[in-house]
Amino acid sequence: MDLKSNHASPVLTDPAPINKSRLGIHSSLLPFSQQAASLSSTKYMTIPRKKPGKLDDVRSNGWLDAMKSSSPPRKKLLMDFNIDVASDDADFAYCSWMLKYPSALNFFEQIANYAQNKKIAMFLDYDGVLSPIVDDPDRALLSNDMRCAVRNVAKYFPTAIISGRSRDKVYDLVGLTELYYAGSHGMDIMGPLSHTVSDDHANCIKSNDEQGKEVNLFQPAREFLPLIDEVFRTLVENTKGIKGAKVENHKFCASVHYRNVDEKKWPIIAQCVHDVLKDYPRLRLTHGRKVLEVRPVIDWNKGKAVEFVLESLGLSNRNDVLPLYIGDDRTDEDAFKVLREGNRGYGILVSSVPKETNAFYSLRNPEEVMKFLNSLVAWKEQGGAKCIV
């Protein structure tokens, strides 16, 4: 990615399809005979310009189907993945899936061998990775053991949290000053001070972190702040009559959670969001795990955020750097894809059910994530990968 070529906010473009013939992934990066995954990055829904109040809108444009597929029942996942086992044989199905996406714990030695004489950079999502998915997002708290594991990793490797939450919120939840934070799916990054980066990007300014240390603050969607605030207030007002609905303002995106909404009411909440967005052509809708997210129409995602942080650290286009990205949601696929296509490192998907993904490896849940992080620390303390000074 040429981050220096455009000082204005980038315009959203359709993601280019993965061309397997040009990936050229080094065999030492591939578990078994794994082939490049073909999953496209986060799916964006076209917003038809129709009259409001018609539930046919959200049915015809696929919103309802996307909402149901964002967190499908286990039986449907097994059918979609074409695993020829009984639908109740979930453990066997997961083991079959792991032949393609093996456990990063079971294959830790292989990862460690590849990391020898390399400098690891760690990237982590928050929800579903460091904390479990819960009904109330405000209760997705970091355990003391997980916080300790992340703190220890950051002692040896530059570590960044890239979350859909606002940067301030995820910082409050994690509470570690030694990390880099990227909120709003990477549209709000506070990272290491790099004069080259800050001088070359119009949306990058010098700022200070909580300790007063100079840092870079990169906000490529800053011009959209008034729009997001306006849409957030409208969504709060228009959904207040829908029991269980929760709207959050993540500064550069707004999220409408429907996890606690009766499924019979999903068409109503979808239509409500549709009717609001039809008046904002510069905003778009994406689907997460039982959440509708309203974002600016710019070409920016978690994958580009990873590239920006690596550039800020002076680690771009280097053969002695191994980025690791652990995520669990559709939005993390953009980061997995960047690492895969660039032959740079490993994406690790956190999932207890089979999913197609651009990741190389898998972990079952946050508990396994913590074990993996602790394994990295123990390996480093025994003389493993280089530290990044």
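Please read all numbers here as calculations on a predicted model, not as lab measurements.
- Side-chain contact between R165 and D188: absent, with no pair of heavy atoms (C-beta onward) separated by less than 4.5 Å.
- Counting heavy atoms from C-beta on, the side chains of L292 and H287 come closer than 4.5 Å.
- Scored by the side-chain contact (heavy atoms from CB on, under 4.5 Å) test, E367 finds N365 as partners (sequence neighbours excluded).
- For the pair K264 and D262, the salt-bridge criterion is not met [side-chain N within less than 4.0 Å of a carboxylate O].
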Legend entry - Audit row: L376, F108, side-chain contact (heavy atoms from CB on, under 4.5 Å) steps and yes/no: CA-CA 9 Å; L376 271 181; F108 183 83; 3.9 Å; yes
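- Using a 4.5 Å cut-off on side-chain heavy atoms (C-beta onward), I161 and L130 make contact.
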Inset, instruction - List the steps and the verdict of side chain to side chain donor-acceptor pair (under 3.5 Å) for H250 and E293. - result: CA-CA 10 Å; H250 296 309; E293 295 185 309; 5.4 Å; no
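- Ion pairing of E223 with R282 is present here, as a side-chain N (NZ or NE/NH1/NH2) and a carboxylate O approach within less than 4.0 Å.
- In this structure, OH in Y126 is found 16.0 Å from CD1 in I162, a value given to the nearest 0.5 Å.
- For the pair K304 and D334, the minimum side-chain heavy-atom distance is 4.5 Å or more.
- Nearest heavy atom pair, residue N117 against residue D320, reads O-CB, 4.3 Å.
- Counting heavy-atom neighbours within 6.0 Å of N319 CG, excluding the residue itself, gives a total of 12 or less.
- To the nearest 0.5 Å, the span separating CD1 on I133 from CG on D328 amounts to 5.5 Å.
- The shortest side-chain heavy-atom distance between F224 and I298 falls under the 4.5 Å cut-off.
- The CZ atom of R167 sits 10.5 Å away from the CG atom of D172 when rounded to the nearest 0.5 Å.
- Summarising the geometry of S351 relative to Y94, their closest heavy-atom pair is O-OH, 2.6 Å, with the distance given to 0.1 Å.
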Inset, instruction - Please report the C-alpha distance between T331 and R295 in whole Å, then the side-chain angles of each, then the deciding distance to 0.1 Å, and finally whether the side-chain contact (heavy atoms from CB on, under 4.5 Å) criterion is met. - result: CA-CA 12 Å; T331 58; R295 301 198 220 172; 3.1 Å; yes
Legend entry - Verdict with supporting geometry, Y171 and M190, side-chain contact (heavy atoms from CB on, under 4.5 Å): CA-CA 11 Å; Y171 175 81; M190 181 170 281; over 6 Å; no
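- When side chains are defined from C-beta on, R344 counts as touching L310, because their heavy atoms get closer than 4.5 Å.
- Salt bridge annotation for D125-K302: present, with a cationic side-chain nitrogen under 4.0 angstrom from a carboxylate oxygen.
- Taken together through direct or relayed side-chain contacts under 4.5 Å among Ile, Leu, Val, Met, Phe, Trp and Tyr, V134 and V129 form parts of separate hydrophobic clusters.
- Residues W379 and A115 share a closest heavy-atom pair of CH2-CB, 3.6 Å.
- Not less than 6.0 angstrom separates the ring centroid of F252 from the ring centroid of W300.
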Legend entry - Pair Y180-I189, side-chain contact (heavy atoms from CB on, under 4.5 Å): steps then yes or no: CA-CA 8 Å; Y180 305 115; I189 303 175; over 6 Å; no
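- Taken to the nearest 0.5 Å, the CG atom of L322 stands 9.0 Å off from the CE atom of M122.
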Legend entry - K251/S184 under side chain to side chain donor-acceptor pair (under 3.5 Å): CA gap, chis, key distance, verdict: CA-CA 7 Å; K251 192 169 184 177; S184 302; over 6 Å; no
List, one per line, each side-chain donor-acceptor pair under 3.5 Å for residues 142-154, sequence neighbours excluded.
residue : atom : partner : partner atom : Å
S143    : OG   : M146    : N            : 3.1
R147    : NE   : V174    : O            : 2.8
R147    : NH2  : L173    : O            : 3.0
N152    : OD1  : K155    : NZ           : 3.3
N152    : ND2  : C148    : O            : 3.2

Legend entry - Audit row: E263, K290, salt bridge (Lys or Arg N to Asp or Glu O under 4.0 Å) steps and yes/no: CA-CA 11 Å; E263 188 169 345; K290 291 191 176 178; over 6 Å; no
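- Closest non-hydrogen pair, W97 versus L349, comes out as CZ2-CD2, 3.9 Å.
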Donor-acceptor pairs under 3.5 angstrom involving side-chain atoms of residues 235-243: please list them, not counting sequence neighbours.
residue : atom : partner : partner atom : Å
E237    : OE1  : K240    : NZ           : 3.4
E237    : OE2  : K240    : NZ           : 2.7
T239    : OG1  : L235    : O            : 2.7

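- Remark: the backbone N or O of D329 is paired with a side-chain donor or acceptor of D332 at under 3.5 angstrom.
- Remark: F232 CZ to S255 OG distance equals 10.0 Å, nearest 0.5 Å.
- Residue-environment remark: CG (D136) exceeds the threshold of 12 foreign heavy atoms within 6.0 Å.
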Inset, instruction - Begin with the C-alpha distance, continue with both residues' side-chain angles, and end with the deciding distance and a verdict on salt bridge (Lys or Arg N to Asp or Glu O under 4.0 Å) for R289 and D127. - result: CA-CA 10 Å; R289 190 179 293 185; D127 293 281; over 6 Å; no
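- Looking only at side-chain heavy atoms (C-beta outward), I348 and F372 come within less than 4.5 Å of each other.
- Residues V338 and Y346 do not share a hydrophobic cluster, clusters being chains of Ile/Leu/Val/Met/Phe/Trp/Tyr side chains in contact below 4.5 Å.
- Proximity of K169 to E248: side-chain heavy atoms (C-beta onward) are nowhere separated by under 4.5 Å.
- Distance check: L363 CG to S352 OG gives 12.0 Å after rounding to the nearest 0.5 Å.
- Annotation for A104 and Y361: closest pair CB-CB, 3.9 Å, computed over non-hydrogen atoms.
- Minimum heavy-atom separation, A221 to P296: CB-CG, 3.9 Å.
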